[in-house]
Amino acid sequence: MAADYELTPSASLDLTTIDELLRTRARVVLSAEARQRLEAGHRYLHQRLERDPNTAVYGINTGFGALCGQAIPAAQRQQLQTNLLMSHACGTGPEVPAELVRLMLLLKAQSLCYGHSGVQVVTVQRLLDFYNRGMLPVVYEQGSLGASGDLAPLAHLCLPLLAMGEVNYEGYRLAAADALSLFSWEPIVLGAKEGLALLNGTQFMLAYSVHGLLRARRLAAAADVIGALSLEGFDGLREPFDERLHRLRPHPGQLLVAERLRGLLAGSELQQQPKTAVQDPYSLRCMPQVHGASRDALAYITRTTEIECNAVTDNPTIFPEDDAILSGGNFHGQPLALGLDMLAIAVAELGSISQQRTAQLISGQRGLPPFLVAEPGLNSGLMMPQYAAAGLVSQNKQLCTPASVDSLVSSNGQEDHVSMGANAATKALRVVVNVEQLLGIELLNAAQALEFRRPGRSSAPLEALVAAFREKVPFVAHDRILYPDLAAAADFVRTYTWE
């Protein structure tokens, strides 16, 4: 069993750590430092309210959004926080996948543990109880503007703390009140500001960015390896990956991809054979430039995402050491919205160039049979997977229209610029899923093409890839139903160790 992981304000939560937590299912606990910070912040907030009972503090003794001018008497402030969660639970559309809800719970607890939100220790502990037990609130994909935080999704995420809403637990959908009773958990009684602290924040967008990046990193690595295999199947040239070329245009991603391709092709018998072509198509020749640009974009998005993983994004924010409560806009999702739009574009380009390599492989050039089947005509071979790939590339183009350039006024003009980062998040994940299938289709074709180069052998890592793939998808000697092979190929791309 994995050791417990401590959430602590003094340690950064990075993507590698999150990936390990999700894979190992390690229990996450609050550190002593986090508990002290939470207690200090909660204590300061209530002392401040007692000391200055008539000073308006947004969302604590006032209404929300355009209702911020409405004063709330002390006797109604607890109900104010409960009302906030209930009224904002207006999500719609499909349910958020379980692995993303888990991330939302973790990331919300991390954001609160700095002690700048005024919440109780027990509130953050309950978020971690849900995370550790795999008790996942039912959250919906649509409803957030990505501006005052992800209000609707976070309302659904946190309602079960109050024994409201629904959860998914061990394959069952339960009323939250029934789920709490399984562990004799009492509903959380919200104190001042707690409902607002739970709702304000970017954890819906952020969960999608973390999840999408973890999958996109694997796609970037897979694209290099599968592209190298396509080059071998197409009888392509390795000269375009010469280090001397890339030192003249030293983008980090380009240098890295060129180096990987040289390593992947090292020791290949096929590269030692005489070549008839002088140049290869761009989809093969320019892999370092295209894959590398996507890698550089992913590096930027990673920096933005990791900053957000360790940020306080609710409002207002308390500073006990300065005796200050400040109202600001750290919940605004613009950094993530821009990053998620870029994530979709960077990953889509890996799919676009992949589809072009697939099209080259089935084109009947360089001694390969049309559609990579020994008896074309009687057999259509791998004609139709390229149709599917073309359709996915076209859909990705539509999904890559930026969401972050859009904005609609909400809350009667109080929230007059929004990021639309939640829409950027959900469509970016769709692009990632599409590109997993696109690279799977290319791999199906590249492995097929390599068989027509026998008895020549490729390099050790590429031959190992083909051997592993053949355990899941056999050679296509004659026409057969291919959709199971496409699904198996996409799953292989998701799970194979590419680095």
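On a predicted model such as this, the values are computed, not experimentally measured, just so you know.
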Side-chain donor/acceptor of Lys472 to backbone N/O of Ala488, under 3.5 Å = no

Quick one: pull up CZ in Phe331 and OG1 in Thr202 and give me the separation to the nearest 0.5 Å.
-> 11.5 Å

Would Arg295 and His291 count as having a side-chain donor-acceptor pair, cut-off 3.5 Å?
-> no

Looking at CG of Asp491 and CD of Gln437, how far apart are the two atoms once the value is rounded to the nearest 0.5 Å?
-> 10.5 Å

Where is the tightest heavy-atom contact between Arg37 and Cys113, given as atom of each residue plus distance?
-> CB-O, 3.9 Å

dist Leu255:CG -> Arg247:CZ (nearest 0.5 Å) comes out at 9.5 Å

Side chain Ser87, main chain Asn83, donor-acceptor under 3.5 Å | yes

Is the closest side-chain heavy-atom distance between Val167 and Phe130 below 4.5 Å?
-> yes

Heavy-atom neighbours of Arg173 CZ exceed 12 at 6.0 Å = yes

From Leu219 atom CG to Leu439 atom CG, the distance as rounded to the nearest 0.5 Å | 6.0 Å

Do His251 side-chain atoms and Gly253 backbone N/O form a donor-acceptor pair below 3.5 Å?
-> no

Measure from the side-chain N and O atoms of Arg27 to the backbone N and O of Asn132, and report whether any donor-acceptor pair falls under 3.5 Å.
-> no

Tell me, do Arg102 and Leu136 make a side-chain contact under 4.5 Å, heavy atoms counted?
-> yes

How far apart are the C-alpha atoms of Leu85 and Leu161, what are their side-chain angles, what is the distance that settles it, and do they pass the side chain to side chain contact (heavy atoms under 4.5 Å, CB included) test?
-> CA-CA 10 Å; Leu85 262 69; Leu161 277 64; over 6 Å; no

Is it true that a side-chain atom of Asn423 and a backbone atom of Ala403 form a donor plus acceptor pair closer than 3.5 Å?
-> no

Just grab all the ring-ring contact (aromatic ring centres under 6.0 Å, His included) pairs involving residues 15-44, residues at least two apart or on different chains.
-> His42-His46

Below 4.5 Å, heavy atoms only, C-beta onward: do Gln355 and Ile441 meet side chain to side chain?
-> no

Evaluate side chain to side chain contact (heavy atoms under 4.5 Å, CB included) for Arg215 paired with Val433, printing each intermediate quantity in order.
-> CA-CA 9 Å; Arg215 291 171 75 164; Val433 172; 3.6 Å; yes

Taking it one step at a time, do Thr426 and Phe204 satisfy side chain to side chain contact (heavy atoms under 4.5 Å, CB included)?
-> CA-CA 10 Å; Thr426 54; Phe204 175 82; 4.0 Å; yes

So which heavy atom on Gly91 is nearest to which on Ala152, and how close?
-> N-CB, 4.1 Å

When rounded to the nearest 0.5 angstrom, what is the spacing between OG1 in Thr495 and CD in Glu436?
-> 10.0 Å

Answer whether the closest heavy-atom distance between the side chains of Leu159 and Met86 falls below 4.5 Å.
-> yes

Backbone N/O of Leu298 and side chain of Thr302: donor-acceptor pair under 3.5 Å | yes

Knowing that exactly one of Val210, Val96, Leu206 qualifies, which makes a side chain to side chain contact (heavy atoms under 4.5 Å, CB included) with Leu103?
-> Val210

Check: Thr8 side chain, Ala34 main-chain N or O, donor-acceptor pair, under 3.5 Å | no

Side-chain donor/acceptor pairs under 3.5 Å, residues 176-188, sequence neighbours excluded:
| unit_1 | atom_1 | unit_2 | atom_2 | d |
| --- | --- | --- | --- | --- |
| Ser181 | OG | Asp178 | O | 2.5 |

Which is it for Ser327 and Asn315 under the side chain to side chain contact (heavy atoms under 4.5 Å, CB included) test, yes or no, and what are the steps along the way?
-> CA-CA 6 Å; Ser327 185; Asn315 179 65; 3.4 Å; yes

Test item: side-chain donor near acceptor, Glu33 and Ser10, under 3.5 Å | yes

Over 60° means perpendicular and under 30° means parallel, so classify the ring planes of Tyr496 and Phe492, tilted if in between.
-> parallel

Side-chain contact test, heavy atoms from C-beta onward, threshold under 4.5 Å: evaluate it for Tyr208 versus Pro97 and give yes or no.
-> yes

Ion pair Arg217/Asp19, N-O distance below 4.0 Å = no

Do Val312 and Leu112 have side chains that get closer than 4.5 Å, going by heavy atoms?
-> no

Heavy-atom check, side chain of Leu7 versus side chain of Leu106, under 4.5 Å = yes

Beyond-backbone contact of Thr313 with Glu308, side-chain heavy atoms, under 4.5 angstrom = yes

Can Arg133 and Asp129 be counted as an ion pair, charged N to O under 4.0 angstrom?
-> no

Quick one: closest heavy-atom pair of Leu438 and Ser354, and the distance?
-> O-OG, 3.5 Å

State whether the side chain of Asp314 and the backbone N or O of Gly201 hold a donor-acceptor pair below 3.5 Å, judged by distance alone.
-> no

Does one side chain, of Glu349 or Ser294, offer a donor that lies under 3.5 Å from an acceptor on the other?
-> no

Is it true that Arg43 and Glu39 have a side-chain N and a carboxylate O under 4.0 angstrom from each other?
-> no

Where do Ala216 and Leu343 come nearest, in terms of heavy atoms and distance?
-> CB-CD1, 3.8 Å

Atom CG in Leu196, atom NE2 in His88: separation rounded to 0.5 Å?
-> 8.5 Å

Do Asp150 side-chain atoms and Met205 backbone N/O form a donor-acceptor pair below 3.5 Å?
-> yes

Any sub-3.5 Å donor-acceptor pair from Gln120's side-chain atoms to Val189's backbone N or O?
-> yes

Taking only residues two or more places apart in sequence or in another chain, which ones pass salt bridge (charged side-chain N to carboxylate O under 4.0 Å, His left out) with Asp14?
-> none

So which heavy atom on Glu194 is nearest to which on Gln81, and how close?
-> N-OE1, 3.5 Å

Between Gln142 and Pro94, which heavy-atom pair has the shortest distance, and what is it?
-> OE1-CD, 4.2 Å

